[in-house]
Amino acid sequence: MDYLDELRVRLAVCDEEILECLLRRNSLVEGIIKHKESHNMQIIEPGQETWQAQKLEGILQNQRYAQEVSDVFQCIAYNSKKIQARHLFHYNIVLIGFMGSGKSTISDCLSDMFAMETVEMDRIISEREGMSISDIFAVHGEEYFRNLETGLLVELQKKKNVVVSCGGGTPMRENNVEEMKKGGKVVLLTASPETIYHRVKDSHDRPLLENNKNVPFISELMEQRRKKYEAAADIIIETDGKGKVEICEEIVQKLLELDGEREAVLKS
Ligand code: S3P
């Protein structure tokens, strides 16, 4: 065997060791999530992720390939989150709620914590139509927009383990709710009209609110929609005065409770 062959053999041994380590690591990740779940422990611990990253950064300091190794570890961390998400939710998480209830913020946060793909319905519709939601309403009318929403929801049934952030009016159609529930659990985010007003007052991409940015209008429209929102929801999360990590943790815990209840009913 010449020197080059010998180096290649040693490299192959290294790869095998990495592979074994990764498989062992993934089992440990699975073990951690199962343990947290069965002991009703907090699932989301952003501090832990930061601690791990800092520890590695310390070890890698002044190493020759620090950046390259750090990239690999970021990829490992990302995939650990995916493993956890797949274990926790084998379905889509569908976020509904009034405009400004926090659907996009929470969907980004969940995606960050569990490396789940997010589907922002308004963004996809707007991209496909090549214009803003306000322009779609102005050019084609609301009914046209609502039909696009329904079509997109039907399409989304092909997806698994994603977070869907719906438009505020999406659950108003019963068939939309049926689509959401086919492969997903529906999470209703609520907030008081005052909180909503503060969150939307400076934005201009919501045609229904454009000339109605005031608490009485928001309150009335919210009340008109409330029954349909509540009927669609598998779980309801109040968001007033809470931080996004806290809200995500509450969603995870309530979804796990719901899954536990379903399992118990199925077993009985
Ligand atoms: C709407 C909410 C908007 C958008 C459209 C209509 C509604 O989405 O879909 O302007 O009827 O409540 P957000 O809830 O994301 O603002």
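As a basis for the values below, the full set of heavy atoms in this structure was taken, side chains included, without hydrogen atoms, waters or symmetry mates. Numbers for residues simply follow the sequence, beginning at 1. Keep in mind that what you see is a predicted model, and the values were worked out from it rather than measured. All ligand and atom numbering here is 1-based and tracks the order in the structure.
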Aromatic plane relationship, Phe137 with Phe145 - under 30° parallel, 30 to 60° tilted, over 60° perpendicular: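 Plane angle between 30° and 60°, so tilted.
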
Pairs satisfying side-chain hydrogen bond (donor to acceptor under 3.5 Å, both in side chains), at least one member in residues 99-114, at least two apart: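 Only Ser104-Glu120 qualify under side-chain hydrogen bond (donor to acceptor under 3.5 Å, both in side chains).
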
Sorted by chain and number, the residues that approach ligand 1 to under 4.0 Å with a heavy atom: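 For ligand 1, the residues that come within the 4.0 Å heavy-atom cutoff are Met99, Lys103, Asp122, Ile133, Phe145, Arg146, Gly167, Gly168, Gly169, Arg206, Pro207, Leu208, Arg225.
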
Any Lys/Arg nitrogen of [X] or [Y] sitting under 4.0 Å from an Asp/Glu carboxylate oxygen of the other?
{"X": "Glu230", "Y": "Lys227", "value": "no"}
{"X": "Lys213", "Y": "Glu210", "value": "yes"}
{"X": "Glu149", "Y": "Arg146", "value": "yes"}

Candidates Lys34, Glu37, Lys82 - the one meeting side chain to side chain donor-acceptor pair (under 3.5 Å) with His87: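 Answer to the side chain to side chain donor-acceptor pair (under 3.5 Å) test with His87 among Lys34, Glu37, Lys82: Glu37.
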
